[in-house]
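One structure below.
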Amino acid sequence: MRPPGTVPLPRRFYHRTAQELAPLLLNKLLVAPDGRAGRIVEVEAYSEDDPASHSHRGRTTRNATMFGPPGHLYVYFTYGMHWCANAVCGAPDDGTAVLLRALEPVAGLEKMRLARPAARTDRDLCRGPARLAQALGIDGEADGSDLVHGPFRILDDGVNPPPRPTTTTRVGITRAKELPWRWYVPGSRYVSRP
DNA sequence: TAAAAGATCCCCT
DNA sequence: GGGGATCTTTTAT
């Protein structure tokens, strides 16, 4: 089941470079199996030729999903306590993905609040890559799962991406800081950083 | 085998 | 604005 008036993004939608796909994911819906959902308002691109990417030094146990078929969820663990979620794209064996950095909460807010006791306001439920993963219940179990068929899916409800998304450098990296591979919805109050 | 770094968050000042 | 939490993965010895 899925919300009325929505369709999953088809597999072919993910057959693009991360830099092409990232801004196209803005305003799409990330939906959990229990109905929790948020609108994607901030993303970053990572690819093999990028020194900041997990895939830059080749395939490992941890990043294997990044090198798998597109349209799947790459979930990794970091800082000893946080999970972060990516949409795998490109062709199989490409090692490229889009990091989902912030959502505007749209459904299942009660469950998100329970999952995110540290969030003092609803604005903080999904504002940041580890926060959104926690809010929707995404963890290592979901690594490698299918974004087209679920359990976690990206759906299109007819809202177009912003025609002029804001482009900036990426957050929290030490290498390739200068590359302009972060995009967000202009004016959204749910982005992690303006 | 050891050491360091990490696509972050939270709470304090 | 800054530091600590917390532990896996990666890289160096």
For atom [atom1] of [X] and atom [atom2] of [N], their distance in whole Å:
X	N	atom1	atom2	answer
Arg57(A)	dG6(B)	CZ	C1'	13 Å
His56(A)	dT10(C)	NE2	P	14 Å
His82(A)	dT6(C)	NE2	P	11 Å
Asp124(A)	dT8(B)	CG	P	16 Å
Gln134(A)	dA7(B)	CD	C1'	17 Å
Tyr79(A)	dG3(C)	OH	C1'	13 Å
Tyr76(A)	dT6(C)	OH	P	20 Å
Asn63(A)	dA7(B)	CG	P	12 Å

Under 4.0 angstrom, heavy atoms only, what part of the nucleic acid is [X] near: base, sugar-phosphate, or nothing?
X	result
Ala52(A)	base
Arg120(A)	nothing
Ile173(A)	sugar-phosphate
Arg62(A)	sugar-phosphate
Thr61(A)	nothing

Look at the side-chain heavy atoms of Ile, Leu, Val, Met, Phe, Trp and Tyr, link any pair under 4.5 Å apart, and say whether Tyr74(A) and Tyr79(A) land in one connected group.
->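 Different clusters: Tyr74(A) never reaches Tyr79(A) through Ile, Leu, Val, Met, Phe, Trp or Tyr contacts under 4.5 Å.
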
Under 3.5 Å on both distances, the Watson-Crick or G-U partner of dA12(C) =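 With both distances under 3.5 Å, dA12(C) matches dT1(B).
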
Starting from the 5' end of DNA chain B, give me the residue, Gly80(A) or Ser192(A), whose nearest nucleotide shows up first.
->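 Its nearest nucleotide lies further toward 5', so the answer is Gly80(A).
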
When you get a sec, tell me which of [options] is the closest nucleotide to the side chain of [X]?
X	options	value
Phe77(A)	dT8(B), dT10(C), dT8(C)	dT8(C)
Met81(A)	dA5(C), dA7(B), dT8(B)	dA5(C)
Arg116(A)	dA7(B), dG6(B), dC10(B)	dC10(B)
Met66(A)	dA7(B), dC10(B), dT11(C)	dA7(B)

Heavy-atom side-chain proximity of Tyr76(A) to His54(A) below 4.5 angstrom |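 Result yes, sub-4.5 Å side-chain heavy-atom pair found.
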
Any side-chain heavy atom of Tyr46(A) within less than 4.5 Å of one from Ile173(A)?
->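 With C-beta onward as the side chain, the pair touches.
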
Tell me whether the OP1 or OP2 atom of dA7(B) has a side-chain N or O from Arg182(A) closer than 4.0 Å.
->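 For Arg182(A), the contact criterion (side-chain N or O under 4.0 Å from OP1 or OP2 of dA7(B)) is not met.
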
Distance check: side-chain N/O of Thr78(A) vs OP1/OP2 of dT8(C), anything under 4.0 Å?
->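 No, because none of the side-chain N or O atoms of Thr78(A) sits under 4.0 Å from OP1 or OP2 of dT8(C).
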
Closest contact, heavy atoms only, Ser55(A) versus Ser47(A) |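 The answer is OG-C, 3.7 Å.
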
Criterion side-chain contact (heavy atoms from CB on, under 4.5 Å) on Thr65(A) and Leu73(A), from CA distance to verdict | CA-CA 8 Å; Thr65(A) 298; Leu73(A) 197 61; over 6 Å; no

Does CZ belonging to Arg59(A) count more than 12 external heavy atoms closer than 6.0 Å?
->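 Yes - once you tally the heavy atoms of other residues, nucleotides and ligands closer than 6.0 Å, there are more than 12.
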
Verify the stacking flag for Tyr46(A) against dA7(B): centroid separation must be under 5.5 angstrom and the ring planes must differ by under 30 degrees.
->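 Stack criterion met.
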
